[in-house]
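First up is the structure itself, then whatever we jot down about it.
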Amino acid sequence: MRNPSASLARLSQRQGAPLAGVRVLDLTRLLPGPVCTLHLADLGAEVIKVEDTGAGDYAAEAVRTLVNRNKRGIRIDLKQPEGVATLLRLCEQADVLVESFRPGVMDRLGVGYAAVAARNPRIVYCSLTGYGQTGPYKDAPGHDMNYCGWTGVADQIGAPGQPPALSNVPVADLLGGSLTAVMGILAALYDVARTGLGRHVDIAIADGLLAHAVIPLAAVNTQGKTAPAGASKLTGALPCYAMYATADGGHVAVAALEKKFWDGFCALIGRADLQALHAPSDPAQSDWVRAELQRVIGAHSLAWWTQTLQGSDCCVTPVLKLEDALASEHFLARGMVLPLAGAQEAQGPLGARQLACPVKMTGFEFAVRHPAPRQGEHTDEVLRGAGYSLDDIAALRRQDAVG
């Protein structure tokens with residue numbers, strides 16, 4: 001009798017990268033677009049990073065290095081007719097194009113969706129902008145903080161009575177922009193396989209962030225308005241779901257929302273008397289429980305709590321700094337932390353590090369195939385692959401159409 005598991009294992013070994021054979025032209029810069037195409041590249045797509053012959057992608061070098069691995073680099077001047085012709089020729093062999101210019105810029109350059117789709121009707125053309133291709137704000141500039149502000153998300157982040165907090169993990173750019181763009185591109189690619197026709201995917205970072213504001217929207221639907229930051233159960237109103245300082249200035253995240261976890265934590269710290277106060281009946285009682293927890297947690301160091309909480313089943317964890325998380329045995333076991341070869345000399349004992357692809361699946365083993373490209377590093381290689389001769393490439397260089 002055949003072993004189904006063994007058969008599946010043999011089949012999965014032959015699958016390889018899920019996006020192998022997908023060619024992506026990446027005209028984006030800075031963070032949201034490059035992170036989008038980073039995910040596509042890490043899953044096996046051939047991503048060609050297209051930069052202009054001037055400043056190109058002017059992201060800080062340390063960031064550029066992290067978000068552009070597994071891509072090849074080419075430089076094209078789209079203000080030159082020969083540069084436009086070159087990009088259109090590359091589009092004929094591409095499956096996806098991702099751009100992040102303001103609405104109308106690509107059309108003015110002669111490489112908008114209509115022009116590209118005329119050359120390749122199968123292409124998935126993703127425009128990633130702050131506010132989208134339509135609407136009264138479509139031409140407005142913006143950054144992560146602006147999108148968080150316009151969507152009501154910033155209002156939900158921070159401490160009571162304080163200005164909205166800022167994060168060094170740009171939630172709008174990455175959740176609203178990068179991941180939403182990946183979702184749209186993959187959905188359109190799936191449809192191309194069925195219909196043979198591509199699509200223009202219009203991704204607005206603000207839309208993507210707004211679409212995930214489900215918890216605040218539930219409050220609006222039931223109470224007519226959101227609770228101020230710090231006044232809802234997920235932002236610190238409950239003592240069982242809050243941050244507490246340790247003796248040495250660290251913090252512990254107490255997230256014992258369910259009664260069973262609260263009871264377990266109270267038992268762990270020897271405060272069975274607090275078990276009945278999982279949901280305090282009034283503000284005074286809540287303040288007392290919070291003060292008691294702060295007294296208990298504040299009596300010990302973060303290292304002491306890290307050891308004490310190890311293996312506990314109560315949803316209470318230390319709050320690590322990123323440099324500590326990089327050394328976590330869990331993330332190391334998951335293969336999420338990798339050395340960053342060729343980076344500038346790094347500070348700290350671990351050296352330079354990069355984060356692996358977070359998607360694990362059968363038949364696919366993530367690998368860093370090559371580091372982030374230098375500007376124009378693969379121009380000749382990419383153009384030769386598109387059918388250009390050495391003489392053709394030399395002519396384009398003389399015309400400053402490519403670099």
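Excluded from the calculations below are hydrogen atoms, water molecules and symmetry mates; all remaining heavy atoms, backbone and side chain alike, are included. On a predicted model such as this, the values are computed, not experimentally measured, just so you know.
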Any chance you could measure Asp57, atom CG, to Ser100, atom OG, to the nearest 0.5 Å? 8.5 Å
Indicate the atoms forming the closest heavy-atom contact of Val182 with Cys36, along with that distance. CG2-O, 3.6 Å
Looking only at non-hydrogen atoms, find the nearest pair between Gly110 and Ala115 and report the distance. O-CB, 3.5 Å
Report the distance from atom CG of Leu355 to atom CG of Leu340, rounding to the nearest 0.5 Å. 10.0 Å
Does Tyr244 reach the main-chain N or O of Pro239 with its side chain, forming a donor-acceptor pair under 3.5 Å? yes
Expected output: side-chain Thr129 to main-chain Gly132 donor-acceptor under 3.5 Å: yes
Relative to Tyr388, does Arg89 satisfy both conditions: NZ or CZ under 6.0 angstrom from the six-membered ring centre, and within 45 degrees of the ring's axis? yes
Trp305 and Val296 have their tightest heavy-atom pair at CZ2-O, 3.6 Å
Of all the heavy-atom pairs spanning Gly230 and Pro160, show the shortest one and how long it is. CA-CG, 3.8 Å
Backbone N/O of Ala117 and side chain of Asn120: donor-acceptor pair under 3.5 Å: no
Spacing of His251 atom NE2 and Leu302 atom CG [to the nearest 0.5 Å]: 9.5 Å
So the ring pair (Phe, Tyr, Trp, His ring centres under 6.0 Å) pairs with at least one residue in residues 17-68 (sequence neighbours excluded) are none
Gap separating the OG atom of Ser178 from the CD1 atom of Ile203, nearest 0.5 angstrom: 11.0 Å
Enclosure of Gln307 CD (heavy-atom neighbours >12, cutoff 6.0 Å): no
For Asp42, check side-chain hydrogen bond (donor to acceptor under 3.5 Å, both in side chains) against everything at least two apart and list the hits. Arg69, Asn70
What is the ring orientation for Trp262 with His278, classed by angle as parallel under 30°, tilted 30 to 60°, or perpendicular over 60°? tilted
Any salt bridge (charged side-chain N to carboxylate O under 4.0 Å, His left out) involving residues 133-154? Give me the pairs, sequence neighbours left out, ordered by first then second residue. none
Let me know which of Ile48, Ile123, Val96 forms a side-chain contact (heavy atoms from CB on, under 4.5 Å) with Arg23. Ile48
Is Glu51 paired with Arg64 through a side-chain N to carboxylate O contact shorter than 4.0 Å? yes
With the side chain counted from C-beta on, respond yes when Lys49 and Ile74 share a heavy-atom pair under 4.5 Å apart, and no when they do not. no
Residues at least two apart in sequence or cross-chain that pass side-chain hydrogen bond (donor to acceptor under 3.5 Å, both in side chains) with Arg119, listed by chain then number, are Glu92
Does Glu365, at its CD atom, have more than 12 non-hydrogen atoms belonging to other residues, nucleotides or ligands within less than 6.0 Å? no
Could you walk me through whether Val124 and Tyr190 satisfy the side-chain contact (heavy atoms from CB on, under 4.5 Å) test, starting with their C-alpha distance in whole Å, then the side-chain angles of each, then the deciding distance to 0.1 Å, before giving a yes or no? CA-CA 10 Å; Val124 173; Tyr190 180 77; over 6 Å; no
Evaluate whether atom CG of Asp282 has more than 12 neighbouring non-hydrogen atoms of other residues, nucleotides or ligands under 6.0 angstrom away. yes
Who passes ring pair (Phe, Tyr, Trp, His ring centres under 6.0 Å) against Trp304, sequence neighbours left out? His300
Test item: Glu46 side-chain N/O and Ala20 main-chain N/O as donor-acceptor pair under 3.5 Å: no
Would a 4.5 Å heavy-atom cut-off, applied to side chains only, mark Met336 and Lys360 as touching? yes
With distance as the sole test, does Thr180 use its side chain to make a donor-acceptor pair with the main-chain N or O of Leu175 at under 3.5 Å? yes
Measure the shortest side-chain to side-chain distance between Pro164 and Ile157 over non-hydrogen atoms and say whether it is less than 4.5 angstrom. no
Partners passing ring pair (Phe, Tyr, Trp, His ring centres under 6.0 Å) against Tyr113 (at least two apart in sequence or in another chain): Tyr125, His200
How many angstroms lie between atom CG of Leu19 and atom CG of Leu186, to the nearest 0.5 angstrom? 6.0 Å
Test log, rule side-chain contact (heavy atoms from CB on, under 4.5 Å), inputs Asp173 and Tyr147: CA-CA 8 Å; Asp173 284 349; Tyr147 312 135; 3.8 Å; yes
Is the shortest distance from a Lys or Arg side-chain nitrogen in Arg199 or Asp191 to a carboxylate oxygen in the other one below 4.0 Å? yes
Tell me whether Lys79 at atom NZ has more than 12 heavy atoms from other residues, nucleotides or ligands lying less than 6.0 Å away. no
Between Gln15 and Met361, is a side-chain contact (heavy atoms from CB on, under 4.5 Å) present by the stated rule, with each step listed? CA-CA 10 Å; Gln15 285 181 285; Met361 64 177 71; over 6 Å; no
Does Glu99 reach the main-chain N or O of Phe101 with its side chain, forming a donor-acceptor pair under 3.5 Å? yes
Between Asp263 and Lys260, does at least one N-O distance fall below 4.0 Å, as a salt bridge requires? no
Heavy atoms, side chains only, cut-off 4.5 Å: are Leu338 and Phe366 in contact? yes
Identify the heavy atoms of Ala206 and Thr151 that sit nearest to each other, and give their distance. O-CG2, 3.4 Å
Please confirm whether the backbone N or O of Leu309 pairs with a side-chain atom of Ser312, one donor and one acceptor, at under 3.5 Å? yes
Go through Glu381 and Arg72 one step at a time and tell me if the salt bridge (Lys or Arg N to Asp or Glu O under 4.0 Å) criterion holds. CA-CA 9 Å; Glu381 177 184 315; Arg72 293 188 293 166; 2.6 Å; yes
Gln354 side chain vs Thr65 backbone, donor-acceptor pair below 3.5 Å: no
For Asp380 and Arg397, run salt bridge (Lys or Arg N to Asp or Glu O under 4.0 Å): C-alpha distance rounded to whole Å, both residues' side-chain angles, the deciding distance at 0.1 Å, then the answer. CA-CA 10 Å; Asp380 288 9; Arg397 288 189 182 281; 2.6 Å; yes
A side-chain contact here means heavy atoms from C-beta on lying under 4.5 Å apart; do Asp155 and Thr226 qualify? yes
Nearest heavy-atom approach of Ala256 to Cys314 is CB-O, 3.8 Å
Can Asn68 and Leu38 be said to form a side-chain contact (heavy atoms from CB on, under 4.5 Å), step by step? CA-CA 6 Å; Asn68 287 294; Leu38 170 70; over 6 Å; no
Step through the shown structure and confirm whether more than 12 heavy atoms of other residues, nucleotides or ligands are within 6.0 Å of NZ on Lys233. no
Evaluate the side-chain proximity of Val220 to Pro216: yes if any heavy-atom separation is below 4.5 Å, no if none is. no
Would you say the side-chain atoms of Gln375 pair up with the backbone N or O of Ala55, donor to acceptor, closer than 3.5 Å? yes
Test item: Leu40 and Val22 side chains (from C-beta on) under 4.5 Å apart, heavy atoms: no
Please round to the nearest 0.5 Å and tell me the distance separating atom CG of Leu238 and atom CG of Leu277. 12.5 Å
Contact between Val402 and Leu383 at the side-chain level, heavy atoms closer than 4.5 Å - yes or no? yes
Asp26 with Lys71: basic N within carboxylate O range, under 4.0 Å: yes
Just checking Arg374: does its CZ atom have more than 12 heavy atoms from other residues, nucleotides or ligands closer to it than 6.0 angstrom? no
